Amino acid sequence: MPHARTTTLLARSAAALLVLLAGAEIGRRIADLPSLPALVDLQFDLTPRSQSYKVFEDHPIAPSSHPQPLPTVLRPLNIDVPWKDGKPLPLLDFIKGTATHAFVVIQDGNVVYERYIDGYDANSRFTSFSVAKSFVSALTGVALKQGKINSLNDPIGRYLKPDEISPAYANITVGQLLDMRSGIDVDENYGGSLASPVVRMFVSTDLQRFIARRSGLRFTPGSRFEYRSVDTLILSRVLARATGMRLSDFAQQVLWEPLGMEQEASWSVDSRQHGVEKAFCCLNTTARDFARLGLLYLQGGRMGGQQIVSPTWAAEPRQPVNTGNALDYRDGWWIPPGNANDRDFSAIGVFGQYIYVNPATRTVIVKLSDYGTEQDEVLTLLAMRSISHVVSGKD
């Protein structure tokens with residue numbers, strides 16, 4: 001039997017724990033976060049980031065009723081790529097050294113190189129992180145082509161109700177969300193703490209409420225670029241209202257079906273109760289099916305005899321010339337430095353997710369990794385540019 005003093009200490013500890021849990025639960029409800037067991041279950045430190053979709057509820061996305069397997073003409077790629085300090089690195093060392101699980105190179109529509117590591121294969125599903133933003137961009141292009149959205153100059157207050165969005169945001173335009181020039185104040189800090197607004201958004205169980213409770217502006221909308229995931233989230237709500245469909249259902253109808261996607265995919269949602277897609281991330285599919293978005297843009301927005309997005313829309317990411325040393329951003333895509341000849345562009349997700357498109361070499365490269373938040377994006381894109389030149393015979 002425990003000593004009386006020990007029993008008292010245990011009782012006090014239990015009481016203190018209950019107070020802490022009660023406080024945490026109150027904070028959780030205020031912040032619209034998952035219940036305490038769900039937070040424990042996330043265990044991000046134990047789950048590979050590329051597999052984090054497994055801890056969220058989701059909406060399934062059916063494969064195409066007419067799947068189109070990608071032609072495969074594999075060949076060895078015993079090449080070096082440019083890497084740190086200007087030193088060449090063997091391709092396989094580049095792949096392994098950046099914690100890559102899936103690496104697919106498509107040249108002129110044929111899979112010419114495909115490598116899976118750590119037990120993954122062509123049927124493995126990976127989460128996209130911010131690669132999903134490029135899919136939302138494509139969906140915006142479809143909605144424009146269909147007339148569901150009239151113009152990129154439309155104020156979002158035309159589509160979202162007053163109880164869905166702050167009056168301070170009502171005149172922000174669709175195009176400003178697409179180009180991340182809205183000024184909406186949700187800080188993009190991936191530090192992992194729930195003090196970070198973007199982290200709270202990531203784990204929120206009621207994303208619509210999260211949006212409705214925001215009202216601050218960091219700068220005048222349209223005045224400058226500042227990367228913010230909340231812009232894509234709100235853009236996805238505009239799409240849902242404009243189309244009258246869940247984002248995942250719209251994606252299945254206008255992308256997965258006509259692009260001939262082979263595998264079932266999913267889009268993670270805030271909760272089963274609300275079912276709002278985490279549109280700024282968390283679209284989950286296979287490497288080959290990710291690649292089809294790149295192929296759509298490479299082929300002028302046309303796939304399987306259908307014009308999915310307009311040729312003008314598909315050409316947008318290749319328009320700007322980046323003469324600087326850092327990445328530029330346009331219409332949901334990243335533009336690497338020195339692109340004057342290649343006009344290449346890429347979707348990029350944190351932890352090393354890429355859909356790289358090179359119009360000059362007719363190449364698409366998908367890289368899905370667990371490389372960490374500091375992922376050498378520019379160096380990786382330059383390595384992919386080099387690979388595209390080799391496989392196309394331009395080098």
Side-chain angles (χ1 to χ4, degrees), residues 105-109 128-145 149 151-152 173-182 225-229 231-232 235-236 239 251 254-255 259 279-281 283 289-303 307-350 353-367 377-378 380-385 387-389 392:
V105 181
I106 301 173
Q107 174 65 36
D108 278 329
S128 59
F129 293 98
S130 290
V131 163
K133 294 179 171 75
S134 302
F135 279 85
V136 174
S137 173
L139 292 173
T140 304
V142 175
L144 281 164
K145 183 175 180 294
I149 292 177
S151 166
L152 292 181
T173 68
V174 173
Q176 287 167 352
L177 292 178
L178 185 68
D179 282 338
M180 297 204 177
R181 294 176 174 271
S182 75
F225 164 79
E226 194 169 271
Y227 187 81
R228 288 290 179 263
S229 290
D231 285 14
T232 306
L235 178 57
S236 76
L239 284 169
V254 303
L255 292 181
L259 267 57
F280 49 91
C281 70
L283 177 60
D289 281 350
F290 275 128
R292 293 173 198 273
L293 182 69
L295 290 171
L296 174 68
Y297 276 74
L298 192 63
Q299 296 169 188
R302 192 173 184 82
M303 189 78 82
Q307 193 70 46
I308 311 302
V309 297
S310 71
T312 301
W313 188 268
E316 277 297 308
R318 67 180 76 177
Q319 296 306 315
V321 175
N322 184 352
T323 58
N325 296 317
L327 294 166
D328 282 346
Y329 191 83
R330 185 184 181 97
D331 287 356
W333 295 86
W334 290 99
I335 317 301
N339 71 322
N341 293 324
D342 292 78
R343 297 302 176 98
D344 46 351
F345 53 95
S346 185
I348 302 178
V350 71
Q353 325 303 320
Y354 296 83
I355 304 173
Y356 169 82
V357 184
N358 191 316
T361 64
R362 305 284 303 165
T363 310
V364 173
I365 301 175
V366 170
K367 181 182 188 294
E377 293 132 316
V378 170
T380 299
L381 294 179
L382 296 180
M384 290 181 178
R385 182 185 289 165
I387 293 167
S388 74
H389 280 238
S392 69

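Because the structure is predicted, anything quoted here is derived from the model rather than measured.
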Closest heavy-atom pair, Pro336 versus Leu381, reported as atoms and distance to 0.1 Å, is CB-CD1, 3.9 Å
Do Phe280 and Arg228 touch side chain to side chain, with heavy atoms closer than 4.5 Å? no
CD of Gln307 to CD of Gln299, rounded to nearest 0.5 Å, is 10.5 Å
message: For Leu382, is there any backbone N or O sitting under 3.5 Å from a side-chain donor or acceptor partner on Asp344?
response: no
Closest heavy-atom pair, Ala347 versus Ser134, reported as atoms and distance to 0.1 Å, is CB-OG, 3.1 Å
Tightest non-hydrogen contact, residues Asn358 and Leu298, listed as O-CD1, 3.7 Å
Margin query: Determine whether a donor-acceptor pair (N or O, by modelled atom type, separation under 3.5 Å) exists between the side chain of Gln107 and the backbone of Thr361.
Written below: yes
Rounding to 0.5 Å, atoms CG (Leu283) and OG (Ser130) come to a distance of 12.0 Å
- Just by distance, with hydrogens left out, do Gln176 and Ser182 show a side-chain donor and acceptor under 3.5 Å apart? no
Hey, is the main chain of Ile355 close enough, under 3.5 Å, to the side chain of Ser346 for a donor-acceptor pair?
-> yes
When Trp313, Tyr356, Trp333 are each screened for ring pair (Phe, Tyr, Trp, His ring centres under 6.0 Å) with Tyr297, the one that passes is Trp333
Value for CG (Leu295) from CD1 (Ile106), rounded to nearest 0.5 Å, stands at 4.5 Å
State whether the side chain of Asp328 and the backbone N or O of Asn322 hold a donor-acceptor pair below 3.5 Å, judged by distance alone.
no
One should read off an interatomic distance between Thr380 OG1 and Ile348 CD1, to the nearest 0.5 angstrom, of 8.5 Å
Note, His389 side chain near Asp342 side chain (heavy atom, < 4.5 Å): yes
Nearest heavy-atom contact between Gly332 and Ser137 is CA-CB, 4.2 Å
- Query: Backbone N or O of Asp331 within a donor-acceptor pair of the Asp179 side chain at under 3.5 Å?
  - Reply: yes
Taken to the nearest 0.5 Å, the spacing of Leu293 CG from Phe135 CZ works out to 4.5 Å
In short, Pro320 meets Arg330 closest at the heavy-atom pair CD-CD, 3.3 Å
Side chain to side chain contact (heavy atoms under 4.5 Å, CB included) between Ile335 and Arg318, worked out: CA-CA 8 Å; Ile335 317 301; Arg318 67 180 76 177; over 6 Å; no
Can you see whether Tyr227 engages Lys133 through a side-chain donor-acceptor pair at a distance of less than 3.5 angstrom?
yes
Closest non-hydrogen contact found for Leu327 with Glu377 is CD1-CB, 4.0 Å
Asp231 meets the salt bridge (Lys or Arg N to Asp or Glu O under 4.0 Å) criterion, sequence neighbours left out, with none
Close side-chain approach of Thr173 and Leu152, heavy atoms under 4.5 Å: no
### side chain to side chain contact (heavy atoms under 4.5 Å, CB included) between Asn339 and Arg385, worked out
CA-CA 9 Å; Asn339 71 322; Arg385 182 185 289 165; 3.8 Å; yes
So CG of Leu235 and OG1 of Thr140: to nearest 0.5 Å the spacing works out to 4.0 Å
